[in-house]
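Worksheet for the structure shown next.
In what follows, chains carry the letters A, B, and so on, assigned in the order in which the sequence lines appear, proteins first and then strands, with residues in each chain numbered from 1. Every heavy atom of this structure was used, including side-chain atoms; hydrogens, water molecules and symmetry mates were not.
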Amino acid sequence: MVNKYYIKELLKNEKLFLNKKILIEGWVRSIRYSIFVSLNDGSTVKNLQIILQKNLDKSILKKITIGTSIKVVGFIEKSLGREQSIELKSIYLYIHKSVDTTYIQKSILQPKKHTLEKLRKQAHLRFQTNIFSCIMRIRHYTSFCIHKYFNKKNFFYIHTPIITTSNCEGNSKMFHITTIDNNSTLSYKDYYKDFFKKKTYLSVSGQLEAESAAIGLGKVYTFGPVFRAENSNTSKHLAEFWMVEPEIAFYDLNDNINLAEDCIKNIIKYVLYNCLDDLYFLEKNLKKWNNKKQDFLINRLKFVLKKPFQRINYTEAIKIINKEYKKIKYNPIVWGMDFQSEHEQFLVNKYFNIPIVIYNYPSCIKPFYMKINEDGLTVKAMDIIFPYIGEIIGGSQREERYEFLINRIKKTKISKKNLWWYIETRLFGSVPHSGFGLGLDRLIQFITGMKNIRDVIPFPRTPNNAEF
RNA sequence: UCCUCAGUAGCUCAGUAGGUAGAGCACCUGACUGUUAAUCAGGUUGUCGCUGGUUCGAUCCCAGCCUGAGGAGCCA
């Protein structure tokens with residue numbers, strides 16, 4: 001009986017495995033000189049070199065093509081080559097499934113430089129490429145760390161519904177859910193005869209439900225997919241994306257910002273510690289593709305950890321932009337307008353040169369649930385803006401006062417009807433509370449240096465694209 | 001949704017200032033027991049995104065459409 005191991009385990013403890021007989025399974029990345037096979041099993045970006053038996057039949061050898069899945073039993077030995085310190089000398093080989101060379105040619109497995117667009121078109125095969133498997137491992141560690149972080153801080157993980165009746169953002173377009181089919185004489189307007197006897201949608205956020213959970217459980221978070229039916233064709237938007245939304249009772253805006261900053265920094269630290277091989281690989285390749293001379297990925301991550309984020313209120317931010325706009329040839333901005341992405345990028349990349357937190361936005365550009373300040377004009381909102389990708393977190397202290405909430409809803413012309421339960425929470429032990437939404441995919445974009453958000457999620461959903 | 005750009009071999013791309021196309025790699029055949037996307041020799045490969053128009057003739061010019069990318073808006 002031979003034990004099976006994964007490449008990550010072998011490389012972590014090379015000496016322990018020397019001269020040991022082991023079993024390994026994976027996919028062929030390349031075959032050289034008829035005896036050297038680079039095998040990858042997904043556990044790490046690094047490959048294990050397999051030395052095939054010298055007298056292997058030619059017909060077998062021909063079957064060991066790129067992408068072929070194999071099982072090998074052999075002895076771990078010190079490698080004579082330069083690129084690796086150990087290798088597996090094979091004594092038994094089993095081919096699970098050989099890949100025909102004509103298929104390889106048509107696929108992204110072909111050992112060539114492929115564009116990320118090409119990889120996207122073969123999203124079902126992307127997991128077999130180095131770059132995408134690196135990103136997926138980082139995505140895993142990021143998600144895992146989020147649970148770890150909140151668990152350690154005594155938050156409870158709340159599963160908020162994916163099917164909802166309310167639109168928390170007020171103006172986001174939502175996906176309508178119905179069981180009425182096209183052939184029916186009913187239309188989607190006959191929602192009172194539909195499955196739920198209500199108009200239902202895919203959730204754009206779990207916030208409202210999380211708020212009611214926080215009033216009782218104290219500290220909660222949601223982490224799941226959310227859906228936006230906006231027709232946005234950009235490198236930063238998805239129709240289905242993953243969002244982390246903590247919601248905390250007795251937290252004010254400042255506590256909220258502190259939590260958000262600590263959370264992001266914690267995740268980055270965790271990824272730096274656990275995904276260094278993947279980050280090195282990405283850095284090496286991004287450098288090549290972007291024709292950059294300097295390493296930038298890992299330094300950028302370390303840089304975020306170094307200093308506190310710059311906190312600035314909306315009104316001050318406007319002043320800075322209007323003072324500097326002539327120099328930078330951007331449009332000036334009037335109080336009450338939202339920032340354009342060039343404004344945000346100016347503040348982050350040029351003016352402060354660190355991630356920034358902008359808070360106390362005018363109430364007219366923010367949703368109804370945010371707590372209004374004493375000035376009556378601004379709300380206790382905060383956005384965290386990161387270099388290159390822009391807004392990564394949006395949050396606020398919530399309006400916990402019943403009358404103020406009602407007033408705000410009236411002003412924003414949102415229907416109270418479906419929100420009755422949310423409003424009612426303000427009558428039962430309402431407390432100051434805060435929360436934020438962290439876009440997981442955007443955070444991973446920043447960590448991995450991917451320019452397009454479609455390259456950090458396994459099967460992206462965007463307008464016109466749900467192929468896989 | 002708007003603006004800009006692109007679509008040529010399996011991949012990355014060049015090209016034709018209107019006369020149906022080429023490079024590198026891949027692939028195929030052969031050689032090779034220490035390679036690192038191995039090397040050497042020989043060989044194959046295309047509705048030049050789709051539809052229509054102008055023309056003796058369109059991959060090239062014009063129009064429409066489709067697909068993709070970058071940017072903007074919406075936001076996470």
Going by atom types alone, do [X] and [Y] pair a side-chain donor with an acceptor below 3.5 Å?
{"X": "A/Gln49", "Y": "A/Arg32", "result": "yes"}
{"X": "A/Gln397", "Y": "A/His433", "result": "no"}
{"X": "A/Thr315", "Y": "A/Trp335", "result": "yes"}

- prompt: Would you say a side-chain N or O of A/Ser341 is under 4.0 Å from OP1 or OP2 of B/A72?
  reply: yes

task: Mark up nucleotides 64-70 of chain B, 5' to 3', with B wherever a protein heavy atom is under 4.0 angstrom from a base atom, S wherever such an atom reaches only the sugar-phosphate, and - elsewhere.
output: ----SSS

- line: Scoring nucleotides 39-51 of chain B by protein non-hydrogen atoms under 4.0 Å (B base, S sugar-phosphate only, - none) yields -------------

task: Could I get the full list of side-chain contact (heavy atoms from CB on, under 4.5 Å) partners for A/Lys106, not counting sequence neighbours?
output: none

Under the side-chain contact (heavy atoms from CB on, under 4.5 Å) test, residues paired with A/Ala466 that sit two or more places apart: A/Arg461

field: Counterpart residues, side-chain hydrogen bond (donor to acceptor under 3.5 Å, both in side chains), relative to A/Asn464 (two or more places apart)
entry: none

- request: Name all residues meeting the side-chain hydrogen bond (donor to acceptor under 3.5 Å, both in side chains) criterion together with A/Thr234; count only those two or more places apart in sequence or in a different chain, and write none if there are none.
  value: A/His237

field: Stems where RNA chain B pairs, listed by first number, each of three or more Watson-Crick or G-U pairs under 3.5 Å
entry: B:1-7 with B:66-72, B:10-13 with B:22-25, B:27-31 with B:39-43, B:49-53 with B:61-65

Can you list, pair by pair, the side-chain donor-acceptor contacts under 3.5 Å of residues 255-262 of chain A, counting residues two or more places apart and other chains?
from	atom 1	to	atom 2	distance (Å)
A/Asp255	OD2	A/Asp252	N	3.0
A/Asn256	ND2	A/Ser396	O	3.4
A/Asn256	ND2	A/Gly435	O	3.0
A/Asn258	OD1	A/Arg311	NH1	2.9
A/Asn258	OD1	A/Arg311	NH2	2.8
A/Asn258	ND2	A/Asn254	O	3.4
A/Glu261	OE1	A/Arg311	NH2	3.1
A/Glu261	OE2	A/Lys265	NZ	2.8
A/Glu261	OE2	A/Phe309	N	3.0
A/Asp262	OD2	A/Tyr149	OH	2.6

Those residues of residues 129-149 of chain A lying under 4.0 Å from RNA chain B by at least one heavy atom: none

Show the distances under 3.5 angstrom between N or O atoms of the protein and N or O atoms of nucleotides 22-29 of chain B.
from	atom 1	to	atom 2	distance (Å)
B/G24	N2	A/Lys112	NZ	3.3
B/C25	O2'	A/Lys112	NZ	3.3
B/C25	O2	A/Lys112	NZ	3.4
B/A26	N3	A/Gln105	NE2	2.7
B/C27	O4'	A/Gln105	NE2	3.4
B/C27	O3'	A/Thr101	OG1	3.4
B/C28	OP1	A/Thr101	OG1	2.8
B/U29	OP1	A/Lys62	NZ	2.9

query: Can you pull the salt bridge (charged side-chain N to carboxylate O under 4.0 Å, His left out) pairs that have at least one residue in residues 47-73 of chain A, sequence neighbours excluded?
result: none

Do any side-chain atoms of residues 352-363 of chain A form donor-acceptor pairs under 3.5 angstrom with protein atoms, and if so which ones, sequence neighbours left out?
from	atom 1	to	atom 2	distance (Å)
A/Asn360	OD1	A/Asn373	ND2	3.1
A/Tyr361	OH	A/Asp383	OD2	3.2
A/Ser363	OG	A/Leu377	O	3.2

